[in-house]
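Before any comments, here is the structure.
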Amino acid sequence: MKHRIVSFVVAVLCIISGCSVHAKTSVAEVGEGQESLDNDSYGVVIGQNICPDIFGEEYDYLLVFVYGQSYTVAKDGGYCVTEELDDDLYTLSSVSNGGNLIRVKDTYAAQNENIANTAVDIIIKLIRQYSNKSPRFIIGNEGRGSRTVLELMKESSIKTLLSSEDWDVFRGLNTYENRYSRVADYLNNLKRWAEKNNKKILCPFFVYLQGESDTHRGVASHGQISSSGGDYAIYKERLSVILSDLKKDIVDATGQKIAPVAFIDNVGNGQFHDILSGISQAQTDVTFNLDGVYSCGPYYAYPSYGAHPTPDGRRWIGEAIAKLFYSVFVEGTMRPMCISGYTIEGSEIILDVKTPHPPLVWDSYTSKEQRNSGFKAFDSSLHELKIKSVTVRKSQIVLSLESLPQSDIYVSYGSDGYGNIRDSDNWESFYKYESNDLGDKFELKHFPLDQFGDELIGKQYPMWNWLPFGFVKIIR
């Protein structure tokens, strides 16, 4: 099975000695039209402090903690696609009663497809492939469906973000349940279990998948700005806070010397989208503004039955998380796909795209074909401008407009739920596409095809990187 072959030993030695396995880039925070912080140097810290330990003997178990909304849980994931999981994948049951460590595979037959289980199962296989080690993993999950980032945050942090009046309104909502208290309980109980059994646990990364409710509800539709946060700036601030809290609390529970990194995704599909794709843009920008945050990318090209991915779609996301693990912990770098800048030539807007594996490709068979490939242009009052054509170059996208206004311009991508821009990554998945049959319970809304128009059933998941939804503010 081919992957991007990088000798693990060489990679770790180069990172420790300071040679440039981790390429430095500087990406403009195009959501605000400002220059962002350079986050890439954090990869060196990862390599020096976590990579050698993961493949050493210093730890008994590695924790992968999962949090977010419904994508993180498996109750509505459909039939179980991944039927055979690795022996080194564990969960801790009845934690509050002392805890019992059980293999996930022994309980998995009764579950539905679970993104985290698939991701870590593949990660174990990757580690074995590139080293002679086989660490044991524990998966913890406290996700909750249909919740905004504010509803998932730590209560003390919420109070610092809201006025006392807004806090009183917010805590009275029927969707608020102080969910983060369950995160704290899990980590505290896990710490007690480790101490009782004399086990050392390290968390190299945690997974936070969320943003759909913030996109779907929006500030105006929910009535209270304190209860949702459905715009770019608000969500960006709140996402940064919750990721920082999770890092700190995990370190407090495990006693590890360096905080885990955060793996997130980019929200957006046929059901969750908005005019400027502000939530997805905020997620992209946080990966550049906050140390140790990396995105596995968007999922709009994956099969779905409305709000949620199908079982194959969930496993595809798990494959993307595993690929992200390889990029960060083995290659020592992560090159996100994003719009990094722009130039104007006459009535053309030329968007520069950071492309992990060029060239860019226009793809209407994996993802649904969209008018103008998913791009829209607006003046400063958000009146839509007419785009005559969209042209894809090696690492640029050219939008030809009928005319340009004198005001600032917003260019959005994915505002109708899909887009057609990806790179040419040749990473090969571990698993193959299994089925588009969801029975009578669900109605399939989108399923990908290959370039010949055939279904992907029985074929490997194409692991291209897709351009995340987002927007660019073009200053005139």
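Note that the numbering runs from 1 along the sequence shown for the chain.
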Point to revise | Test: R422 and D363 ion pair at under 4.0 Å | key: yes

Check your understanding: Taking the side chain as C-beta and beyond, is there a heavy-atom pair between L456 and P462 under 4.5 Å?
Key -> yes

Check your understanding: Is the closest side-chain donor-acceptor distance between Y176 and E155 under 3.5 Å?
Key -> yes

Exercise for review: Answer with yes or no after comparing the ring centroid distance for Y299 and W466 against a 6.0 Å cut-off, counting only values under it.
Suggested key: no

Point to revise | Pair D265, S295: side-chain N/O donor-acceptor within cut-off below 3.5 Å | key: no

Practice item. Using a strict 4.0 Å threshold on nitrogen-to-oxygen distance, state whether D86 and R128 make a salt bridge. Key: yes

Practice item. Kindly indicate, with the supporting measurements, whether the criterion side chain to side chain contact (heavy atoms under 4.5 Å, CB included) is fulfilled by Y67 and L246. Key: CA-CA 9 Å; Y67 195 44; L246 284 166; 4.2 Å; yes

Practice item. Taking the side chain as every heavy atom from C-beta outward, state whether K248 and D252 have any atom pair closer than 4.5 Å. Key: yes

Review point. Under 4.5 Å between any side-chain heavy atoms of E151 and I158, yes or no?
Key: no

Check your understanding: Do Y180 and D245 have side-chain N/O donor and acceptor atoms under 3.5 Å apart?
Key -> no

Review point. Going by an N to O cut-off under 4.0 Å, is there a salt bridge joining R144 and E177?
Key: yes

**Study point:** Any donor-acceptor N or O pair under 3.5 Å, side chains D423, T355
**Key:** no

Check your understanding: Do K105 and E84 sit within salt-bridge range, that is, some charged N less than 4.0 Å from a carboxylate O?
Key -> yes

Exercise for review: May I have all residue pairs that pass salt bridge (charged side-chain N to carboxylate O under 4.0 Å, His left out) and include part of residues 448-458, sequence neighbours excluded?
Suggested key: D450-K459

Point to revise | Close side-chain approach of V286 to Q283, heavy-atom, < 4.5 Å | key: no

Review point. Taking side chain as C-beta onward, heavy atoms only, is V183 less than 4.5 Å from D249?
Key: no

Point to revise | No-hydrogen, no-angle side-chain donor-acceptor test under 3.5 Å, Y208 and Q210 | key: yes

**Study point:** Exercise: do D312 and Y431 side chains pair donor with acceptor under 3.5 Å
**Key:** no

Study note, to complete from the structure: Applying side-chain contact (heavy atoms from CB on, under 4.5 Å) to V390 and not counting sequence neighbours gives N372, S373, F375, I387, I397, L399

Check your understanding: Of all residues at least two apart in sequence or in a different chain, which pass the side-chain contact (heavy atoms from CB on, under 4.5 Å) check with S181?
Key -> N178

Check your understanding: So among D285, T284, N289, D231, which one has a side-chain hydrogen bond (donor to acceptor under 3.5 Å, both in side chains) with K236?
Key -> N289

Practice item. May I ask you to check whether H446 and Y302 place their ring centers less than 6.0 Å from one another? Key: no

Review point. So do the side chains of M337 and H357 get within less than 4.5 Å of each other, counting heavy atoms only?
Key: no

Review point. Is the shortest heavy-atom distance from the side chain of D88 to the side chain of F137 under 4.5 Å?
Key: no

Check your understanding: Would R371 and D416 pass as an ion pair if we require N to O under 4.0 Å?
Key -> no

Practice item. State yes or no: are the ring centers of F469 and Y300 separated by less than 6.0 Å? Key: yes

Review point. Does Y232 have its ring centroid less than 6.0 Å away from the ring centroid of F471?
Key: yes

Exercise for review: For S280 and N266, test the side chains for any donor-to-acceptor distance below 3.5 angstrom and give the result as yes or no.
Suggested key: yes

Practice item. Could you check if a side-chain atom of V472 sits within less than 4.5 angstrom of a side-chain atom of Y410, using non-hydrogen atoms only? Key: no

